[in-house]
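Structure, as structure tokens:
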Amino acid sequence: MPWNTSKPSDSVPADVALIERSLLRSFELHRLDPGRGEPPRVLTTTALKDHREPMERFMRIARGGMEALFGQVRDAGYVVLLADTHGVAVDFIGNPLFDQDWRRAGLWLGSCWTEEKEGTCAVALANLEQRAITVHHAEHFRAPNKTLTCSAVPIFAPDGRPLAVLDASAMESPDDRRSQHLVLQMVQSAARMAEDANFLHEFEHHHVLKLARRRDFLEVSADGMVVLDETGRIVAISQSLREQGALVAALGRSVEEVFDYRFEQVADAARQGGYPLAMRHLPTGTQCFALVRPPRRRPSAAPAQASSAMAGADALQAIAGHDPQMQTNVRQALRVLDKGLAILLHGESGSGKEAFAKAMHEASARRARPFVAVNCAAIPETLIESELFGYREGAFTGARTKGARGKIAQAHGGTLFLDEIGDMPQAMQTRLLRVLAEREVTPLGAEQPVAVDVQLICATHRDLRGMVAQGQFRLDLYYRLNSVTLELPALRDRADKGLLIERLLREDGQQLYGRAVAITEAARQLLLRHDWPGNIRQLKNVLRTAMALSGGEAVGPEHLPAEIRGGQPAMLPPERMLSLGGVDAETAVPGAPGGRDALLQALKAHQWNVTETARSLGLCRATVYRHMQRWEIVSPNRLGH
Ligand SMILES: Nc1ncnc2c1ncn2[C@@H]1O[C@H](COP(=O)(O)OP(=O)(O)OP(=O)(O)O)[C@@H](O)[C@H]1O
């Protein structure tokens, strides 16, 4: 069982690599001057208030941990800072005798420690890399910071989102960076205390299980915490469990399914003082122990509120399932969310790029604002400009009398998801680049630009770098879009295929029949062995059809399609095969018989309803749109939309 491994702390070679990368960014990306003399900027009281207000509740909870840490390091000449995710010191404890010196060094309430302004420094790196780090003396980028030693540790909110950074810094320290090892450990343990206290506070109305592999350690040092709602469903897990990927797949399941322990038994134990429970972690069959922390008050409206705040990050975790690559993706996604960076998702068709983008939006601070998805392959080239940028009345023939807001403006304040970005025409690439650089959009026919603030997430199944090499995709746009690229694994490569199948049978079964639908071992094995060229989309369709055929009873091999049952060669991915008159879509040329005609016929037969057409041809909508674009098929209703 993975949750009892303790997280490695400061590892010098890893630190060195991170620091080197940060130094490069400081020079090349932020174009900072290492010799600049003045200390870090300190915010005005009003500006600082904007940073402190959202952190107030956490600051109160963290204060005890900060003071305990300060008590440990004060005599060695350290100050303790709590910074928010923007690198602003929102709380500070230092020996008042040296106030002038701290202030001069930028170790002060309201000081800004970001890589963009200070270059390499510990608070910025802990925020960016989401790991504990020491930046010692000359490892700092700017000259005035080179006498400092700073050890910083990120702190996470109960839903796994970055929340703050705790830092201990000194103006004088031995040259050997190893002298800071213990300090970093102290900061780590204070950060974990604050994080756990915040977690327990957030879920004070819930039953919380403190888990440990060894009973003797349960009271003093649990390995992690699991939160149950009033029905015994697992609704949250603590950061220590998240970091190890442990129990992420348990989110949303009942305590009985995961720990072989009925919720009534847990509630009973809570009423009787929460004595240690001996449980079994069913997925691995390992024994573990739990102490129950009873809910502080009777659950009221609070649980629902807490669950909805958790829902976003948990949806992201649920999509990641138990696959290590997807777990890494979630960790990276949570790191970069709300940092104003564009994110690129790369993966085969049907691998869940849009689902991941939506979950990222839900997990972001923008979740209450719109999520607008645009499939660049789906819009004919002639219409993409007005669709994205909008237009004023009378901007072109066929334009609506009142004009239209483009998708970019519709996403203002929220997230813009550009699917199939590799299919965006070059002229549009240029315009998009300008929008990203200037953060404003000028609708067709308009003179005044409109300011837009969007989180951009793009997706593609193509090799954008290769497209750049062939001059099909703009290099500068490529750089802008891929500050972070997340690789979504194909279904055949996912380590958690079995669990995913179970989950889909449970969720879709619930929808179709009001309960989870079972599957025979023989059918499960066939599904596990299949190649899944259409990825999760294909798996979902196969399971839905199988459930319909089985009438909600256990799905057996007889309910699966022939190519899965008979071990026949798997279908080629939709990109490589289009069953339209046997024409290979990639090699088909506009006007080729069969492909274009067959698609046209299918579209007409379904009154130009692309979803229906796609379903009838066994393709995803994006592929149908791609072929419509390739073969220049435009829906007669298009301009009326
Ligand atoms: N982890 C997941 N668990 C359950 N369903 C999922 C998961 N990921 C994706 N899906 C479902 O699989 C289907 C395909 O996902 P999605 O549309 O996000 O893929 P995509 O990579 O964006 O595809 P395309 O590139 O063809 O647009 C959707 O019905 C989506 O809800």
Side-chain angles (χ1 to χ4, degrees), residues 248-249 251-253 313-327 329-330 333 343-363 371-379 415-424 457-464 485-512 516 527 532-545 547 573-578 585 610-611 614-615 617-629:
V248 172
L251 284 166
R253 306 181 82 162
D314 286 347
L316 204 46
Q317 297 286 358
I319 280 186
H322 241 172
D323 180 75
Q325 168 74 40
M326 285 298 284
Q327 289 284 339
N329 287 342
V330 169
I343 296 159
L344 184 65
L345 304 179
H346 185 254
E348 289 181 12
S349 176
S351 57
K353 298 185 291 294
E354 179 160 355
F356 195 86
K358 242 185 224 154
M360 279 184 78
H361 171 73
E362 289 303 323
F371 173 86
V372 177
V374 180
N375 189 321
C376 303
I379 311 171
T415 302
L416 178 68
F417 175 61
L418 295 181
D419 200 359
E420 310 285 4
I421 186 77
D423 291 61
M424 180 173 269
I457 306 180
C458 298
T460 183
H461 66 278
R462 294 172 180 253
D463 168 20
L464 278 193
T485 299
L486 304 180
E487 196 65 46
L488 269 62
L491 177 57
R492 63 185 158 280
D493 297 328
R494 279 184 71 144
D496 61 345
K497 251 184 295 183
L499 287 169
L500 196 57
I501 292 168
E502 260 177 46
R503 191 153 66 79
L504 290 175
L505 285 166
R506 196 170 59 240
E507 288 171 4
D508 289 359
Q510 196 70 35
Q511 239 181 41
L512 292 172
L527 294 179
W532 299 112
N535 292 297
I536 304 182
R537 178 182 292 110
Q538 188 190 7
L539 171 66
K540 250 183 120 144
N541 288 340
V542 164
L543 288 179
R544 282 193 153 238
T545 311
M547 278 190 270
E575 278 67 39
R576 284 192 279 138
M577 188 199 81
L578 176 61
V610 173
T611 310
R615 195 169 296 145
L617 295 169
L619 301 169
C620 69
R621 278 187 320 147
T623 308
V624 168
Y625 279 124
R626 241 193 326 272
H627 293 299
M628 284 174 71
Q629 187 197 21

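Counting starts at 1 for both ligands and their atoms, in listed order. We number each residue from 1, following the sequence as shown.
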Checking heavy-atom distances from atom 11 (C) of ligand 1 to each of E420, K353, K540, Q538, the winner is K540
Ranking R494, H346, E354, M326 by closest non-hydrogen atom to atom 22 (O) of ligand 1, top hit is E354
Backbone or side chain, does any N or O of I536 fall under 3.5 Å from an N or O of ligand 1?
no
query: Is there a donor-acceptor contact under 3.5 Å from the side chain of H346 to the main chain of R462?
result: yes
Would E507 count as a contact residue for ligand 1, given that I'm defining contact as a non-hydrogen atom of the residue lying under 4.0 Å from a ligand atom? no
Under 4.0 Å from one or more heavy atoms of S349, ligand 1 contributes atoms 24 (P), 25 (O), 26 (O)
E420 side chain reached by H461 side chain, heavy atoms, under 4.5 Å: yes
_Using a 3.5 Å distance criterion without hydrogens, assess whether the side chain of Q327 forms a donor-acceptor pair with backbone atoms of G321._
yes
- Message: Any non-hydrogen side-chain atom of M547 less than 4.5 Å from a side-chain atom of Q511?
- Response: no
Checklist line | Any N/O pair L500/ligand 1 closer than 3.5 Å | finding: no
- Task: Flag the pair F356 / I457 as yes when at least one side-chain heavy-atom distance between them is below 4.5 Å, and no otherwise.
- Result: no
Notebook entry, point to check: Does a side-chain heavy-atom distance below 4.5 Å link L344 with L464?
Noted result: yes
### Query
Between N535 (side chain) and G350 (backbone), is there a donor-acceptor pair under 3.5 Å?
no
Can you find a pair of side-chain heavy atoms, one from L345 and one from N329, that are under 4.5 Å apart? no
Checking heavy atoms under 4.0 Å, the part of L504 that sits near ligand 1 is side chain
Query raised in the report: Quick one: does S351 get a heavy atom under 4.0 Å from ligand 1?
Result: yes
Worksheet entry | Sub-4.0 Å heavy-atom approach of G350 to ligand 1 | yes
Note: L488, heavy atoms under 4.0 Å from ligand 1, region reported as neither
Within 4.0 Å of some non-hydrogen atom of E348, the atoms of ligand 1 are 21 (O)
Of H461, R503, R537, the residue with the heavy atom nearest atom 24 (P) of ligand 1 is R537
